Amino acid sequence: MKNITDSFVFVGHWSSAGSFEFNTDILATNPINLSVVLGVLIFFGKGVLNDLLDKRKQRILSTIRNSEELRRGAIEQLEIARVRLRKVEIEADEYRTKGYSEIEREKVNLINATCNSLERLENYKNETLFFEKQRAINQVRQQVLQQALQRALGTLNSCLNSELHFRTISANISILGSVEEISD
């Protein structure tokens, strides 16, 4: 303990600047003066310290309140975003479902249209084949008929003489005459 007080005594021997000097001897200072100064500092400093602590406390509390409000706002926005996300997901599923059903419907319609077109083409082909067959049959008939008529005419011409020819014409005229009388 002696060393500590000696160090204060030693500091007290510093050269002083003017009339100001430290009295480092604690025992030599007036304890009443020190207690008065400390009492004044505590009395007045306590109010200042309380004000500083109250202001700090109010700032901390307002910061906490602001943080809580921001947190509540963020939670509300998050809930709104989640609701919107669910709604968008539902709409996306509906569009996807509608799209798939529309694709299936279009596919069925296209298949049906293609089948109908193929059926019509098959009918046109069959009709064309039938008409071409009928035309070929008619041409063959006409050719056969022409050939038969030419043979019959050749045979008649070779067999007929003028008298037989005259009687055939007269018979035909009489048949035509009787047909005319009936129609009048």
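Keep in mind it's a predicted model, so treat the numbers as computed, not measured.
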J.: Is there side-chain contact between Ile90 and Lys87, with at least one heavy-atom pair below 4.5 Å?
T.: no
J.: Checking Ser117 now: which residues fulfil side chain to side chain donor-acceptor pair (under 3.5 Å) with it, not counting sequence neighbours?
T.: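 Checked Ser117 against side chain to side chain donor-acceptor pair (under 3.5 Å); matches are Arg120.
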J.: What's the separation between atom CZ in Arg151 and atom CD in Gln146, rounded to the nearest 0.5 Å?
T.: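 Rounded to the nearest 0.5 Å, the CZ-CD separation comes to 13.0 Å.
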J.: Measure the CG-CD1 distance between Leu85 and Ile80 for me, rounded to the nearest 0.5 Å.
T.: 13.5 Å
J.: Find the distance between NZ (Lys98) and CD (Glu91) and round it off to the nearest 0.5 Å.
T.: 9.5 Å
J.: When clusters are formed from ILVMFWY side-chain contacts under 4.5 Å, directly or step by step, what else is grouped with Val144?
T.: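 Val140, listed by chain and number.
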J.: Hey, what do you get for CD (Gln134) to CZ (Arg141), rounding to the nearest 0.5 Å?
T.: 7.0 Å
J.: Should the pair Arg86-Glu89 be classified as a salt bridge under the 4.0 Å nitrogen-to-oxygen rule?
T.: no
J.: Could you tell me the separation between the CG atom of Asn112 and the CD atom of Glu119, rounded to the nearest 0.5 Å?
T.: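 Atom-to-atom, Asn112:CG and Glu119:CD are 10.5 Å apart.
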J.: In sequence, state the C-alpha distance, the side-chain angles, and the governing distance for Arg72 and Glu69, and then conclude on side chain to side chain contact (heavy atoms under 4.5 Å, CB included).
T.: CA-CA 5 Å; Arg72 274 189 239 113; Glu69 289 175 13; 3.9 Å; yes
J.: Please lay out, stage by stage, how Arg135 and Glu132 fare under the test side chain to side chain contact (heavy atoms under 4.5 Å, CB included).
T.: CA-CA 5 Å; Arg135 190 170 65 95; Glu132 287 297 318; 2.8 Å; yes
J.: Rounded to the nearest 0.5 Å, what separation is found between the CD1 atom of Ile75 and the CG atom of Leu70?
T.: 11.0 Å
J.: Charged N to carboxylate O under 4.0 angstrom, Arg82 versus Glu79?
T.: yes
J.: Between Asp54 and Lys57, does any NZ, NE, NH1 or NH2 come within less than 4.0 Å of an OD or OE carboxylate oxygen?
T.: no
J.: Between Arg56 and Arg59, is any pair of side-chain heavy atoms under 4.5 Å apart?
T.: yes
